[in-house]
Amino acid sequence: MELSDQSTIHMNTPHSVMNNTINHISSSSTSKRARSLEDAAFRERIATLAVKSASFDAAERGDPPKCHPDTRIAVLDSLVAWCSNREAGAVRLISGRAGTGKTTIAQTMAEYWAGQGQLAGSFFFSRSSKERSSDGQVFTTILHQFLQLFGADVDLGLLGMEILRRDVVLGLLVSTSRTLPQPVVIVIDGLDEISITAQQISLLRDILSSLDRLGSSVKVLISCQPERHLEDVFDEFAAQLGPSYRIELGQSAEDNDDIRTFFRVLFDHICRYRRQYGAMSITDSPWPSQKEIEALVDRANGQFVFAATVLQFVDDENEDPVEMLNLVLEHQTSSVEAIDQLYIVILHWVGRTLDKSEKSLERRQMMQNLILHINHQPSSPADIAEFWFEKTLTINILAKHLRALLIRSTDPDNQTSEFQFRHQLFHDFFVRPSASHDSHPFSLAEMNPVSKFFFSLRMRARDAAHRPPTVLPYEKEARRLHQAYIKARPTFRGCTCLPQLESAISDVSALRGFKPCRQRHCVAKSDLLRLCKMIAIPDSSQSLEEQERLRTTSSPILRFFSWFRAALSLKRRREDTR
C-alpha cells in the first residue's frame, strides 16, 4: 500500500509539475503580451506628445549652421573630452550674447554625439515657434528620442506608467545609461528662448538639482545668453558645478581668431569660384586685403552672426562681390551696433535694387509685408502670396533678394517650404525702433499703417473664425476690406485711427470707447469699425454681462441660438451696407 501510494505519488508529481509549469508559462506569456501592449501604447503616447521640430535633425529647422572645420577647434575638442570622461562634471554651459555661435556649437556637437551613439536627446528652443518656446514637453521629447535610440535597453516599468514628471524621466535615463558602455549627453539649446521667464528658471533648477542623480552616466550641455535670472540659478549650484563648467563665447582672442579664419577661408572660396567664371572685378591681387579683413573682425566683435551675414550678402550670384563688400565697409556708424548697421545696408541695397523695377513702389511695399509676415510666423510662399493678394513667383523673387536674412525650411507634414529669419537678431532689429537718425523703412515702427493694421485684424479674424458660429464671415470680410483699402490708397493726412484701432482691437473696453477722428480723410469707416467689434466681441449687440452669461452657460442650445442671432445680425448689416 505504501509502495502503491509512493508509486502514485511518483507518477503524479511530474504530471503536476508539468501542469504547473504550463500554467506558469501561459500566465507569464499572457503577462508579457499584456506588458508588451502596454509598452507599445505608452511609447505611442510619448510620440504624440513629443515636439518633433525641436530635435537637432528636425526638418522644420531647415539646414542649421555647423562650425566650419577650421574654427572652434579648442571648444569642440574640450566638449568631446568632457562627454567621454565619466569623472568630469555632469553639466557644461555655453554662454554668450546673441550671435556669438552658441547654437552653431550645440548643433555641431549634437550631430557628432549622434554619430557616436552618445546623444540621449536634444531640444532646440526658439522664440519664433509656439511649440519650441515653452518648457512643457521638454523631457517628454527627450524621452521619445531616447526610446528611439536605446529602446531595447529601456525598462518602461521603471516609469510605472505614471505622469511623466521631470524627475521620473531623469531617473529612467540615469538607470538605463548606467548599463551603456559610454556616457550619454542631452543637448538643450537656447534656454533663454523660452517665452516665460519663470519657466526658464524652473527648467534650469530642475536640471541642476538633479546633478547628484546624473552622476557619471548622463551629461547635459546647455546654451543660453547670460541673463541675470539664469545666472542667479547657476550661482546657487556653483559648488556642485565646479570651477570649469562654463564656456564663454565672444570675449577672447580665440574668438577673434576663429572669426578671422572664417572670413579668410570663405572669402578665398568666393574669390576662386568667381575668378574661374570671370564674375569678379578684381582678377589678380589678393582680395579682400588684410586691412579689410581686420576691419571686419573688429566690427564683428565676437559675433559670428555678423561674419555669416556679411558672407551671405557678398556672395550674391548676380552681383560683383567686390562692390558688395565695399557697401559693407563704407557704412560704419559708431552710434549703431555693427549687426544693425549691416541689416540697414542690406535693406537699403534691396530697396535700390527694387527701384529698377517698373513696379518699384509695389515691390518695396511687398518686401515690407513679407518681413512683417515672417516676423509673425514662418510661412510658405503660397500662404504669404495668398494673404497679400500677390503671386507666389513674386514672393520667391523678393525672398531671393533677402537671402542674407531669410532661410527656407521644409515642413515634413505637408512637404512645403517655409521662409523664416536666419537669426533671431533680425527679429529684434525689426521690432526695435531705429537707434539712430539713419532710420530705415523696414522697421516695424515705420511700416505702412494699412499693412500693419490689416495684418493684425486678419490674424485675429482667423482666430475668431474657429469659434462658434463658424458661419460668421470674419476672415472673408476682413480680406474684402483689406483689398478695398489697398486699391483706395488712403493718404491719411493726419488721421491716426488705424494705429489706435490696432491697439484697441485687443482691448474690448478700449474698442467700445473708440471714436473716429471724423476728419475728411478718416479711414475708420463704419464697415471697418463694425468688423472690428464683431471680431473682438463675439456679439457686439449684447452687453458684456450677457455675453459672459451665455459663454459660461451649460446649455448648448442657448449658445447656438445666441451665435445664430449674431450671424443673422451681421448678414442684415451687410445687406444694409449694400
Side-chain angles (χ1 to χ4, degrees), residues 50-96 101-126 132 138-154 169-170 172-191 193 203-204 207-208 210-211 213-224 241-242 244-247 249 304:
V51 180
K52 309 298 193 303
S53 60
S55 173
F56 80 97
D57 56 354
E60 292 90 336
R61 296 182 58 234
D63 184 18
K66 276 84 66 180
C67 296
H68 188 277
D70 296 325
T71 65
R72 300 296 197 192
I73 295 174
V75 172
L76 299 180
D77 285 348
S78 71
L79 290 172
V80 170
W82 161 71
C83 183
S84 301
N85 183 5
R86 290 186 179 272
E87 302 304 318
V91 172
R92 279 291 182 274
L93 167 67
I94 303 176
S95 178
K102 300 182 297 297
T103 299
T104 302
I105 293 175
Q107 177 69 31
T108 303
M109 291 311 305
E111 293 187 12
Y112 171 80
W113 282 321
Q116 299 295 310
Q118 289 181 271
L119 184 66
S122 59
F123 201 104
F124 285 74
F125 287 102
S126 173
R132 294 194 285 136
V138 174
F139 281 94
T140 304
T141 300
I142 290 173
L143 177 59
H144 169 65
Q145 298 172 16
F146 189 72
L147 290 174
Q148 288 183 311
L149 293 169
F150 306 102
D153 301 312
V154 179
V169 174
L170 278 175
L172 175 68
L173 298 181
V174 171
S175 63
T176 303
S177 59
R178 283 174 181 161
T179 65
L180 300 176
Q182 54 189 346
V184 294
V185 61
I186 299 169
V187 176
I188 297 179
D189 174 71
L191 189 64
E193 295 280 310
L203 177 58
L204 180 58
I207 294 172
L208 298 185
S210 303
L211 284 173
R213 297 181 62 195
L214 295 178
S216 60
S217 303
V218 179
K219 296 178 181 293
V220 184
L221 176 66
I222 303 171
S223 76
C224 62
L241 289 168
S244 58
Y245 77 93
R246 179 186 295 265
I247 299 174
L249 300 181
F304 256 90

Any donor and acceptor pair, going by atom type alone, linking the side chain of Ser78 with main-chain N or O of Val75 inside 3.5 Å?
-> yes
Worked check of side chain to side chain contact (heavy atoms under 4.5 Å, CB included) between Ser223 and Leu93 | CA-CA 6 Å; Ser223 76; Leu93 167 67; 5.9 Å; no
Can you find a pair of side-chain heavy atoms, one from Ile142 and one from Val138, that are under 4.5 Å apart?
-> yes
Stepwise, does the side chain to side chain contact (heavy atoms under 4.5 Å, CB included) test hold for Val91 with Leu241?
-> CA-CA 7 Å; Val91 172; Leu241 289 168; 3.8 Å; yes
Spacing of Ile105 atom CD1 and Leu76 atom CG [to the nearest 0.5 Å] | 6.5 Å
Within-4.5 Å side-chain heavy-atom neighbours: Gln118 and Cys83 = yes
Minimum heavy-atom separation for His144 to Lys52, with atom names?
-> NE2-CE, 3.9 Å
Between atom OG1 of Thr140 and atom CD of Gln145, what is the distance when rounded to the nearest 0.5 Å?
-> 11.0 Å
Can you tell me how far the CZ atom of Phe125 sits from the CG atom of Leu203, to the nearest 0.5 Å?
-> 5.5 Å
Run through Val187, Leu119, Thr108 and flag the one making a side chain to side chain contact (heavy atoms under 4.5 Å, CB included) with Phe56.
-> Leu119
Does Phe124 have Arg61 sitting over its ring (NZ/CZ under 6.0 Å from centre, angle to axis within 45°)?
-> yes
Side chains of Thr104 and Phe304: does their closest heavy-atom pair fall under 4.5 Å?
-> no
Check: Ser217 and Pro183 side chains under 4.5 Å, non-hydrogen atoms | no
Audit row: Asp189, Phe123, side chain to side chain contact (heavy atoms under 4.5 Å, CB included) steps and yes/no = CA-CA 6 Å; Asp189 174 71; Phe123 201 104; over 6 Å; no
Looking at OG1 of Thr103 and CD of Glu193, how far apart are the two atoms once the value is rounded to the nearest 0.5 Å?
-> 7.0 Å
Rounded distance (nearest 0.5 Å) linking atom OG of Ser95 with atom NZ of Lys102 | 7.5 Å
pair Met109-Arg72: side-chain heavy atoms closer than 4.5 Å | no
Ile188 and Ile207, any side-chain heavy atoms less than 4.5 Å apart = yes
Applying side chain to side chain contact (heavy atoms under 4.5 Å, CB included), run through Trp82 and Val185 and close with a yes or a no.
-> CA-CA 10 Å; Trp82 161 71; Val185 61; 4.0 Å; yes
Gln182 side-chain N/O to Gln116 backbone N/O, donor-acceptor pair under 3.5 Å | yes
Are the side chains of Trp113 and Leu221 in touch, meaning some heavy atoms are under 4.5 Å apart?
-> yes
May I ask you to test the Lys219-Arg92 pair for a side-chain heavy-atom distance under 4.5 Å?
-> no
Can you see which heavy atom on Cys224 is nearest to which on Leu191, and at what distance?
-> CB-CB, 3.9 Å
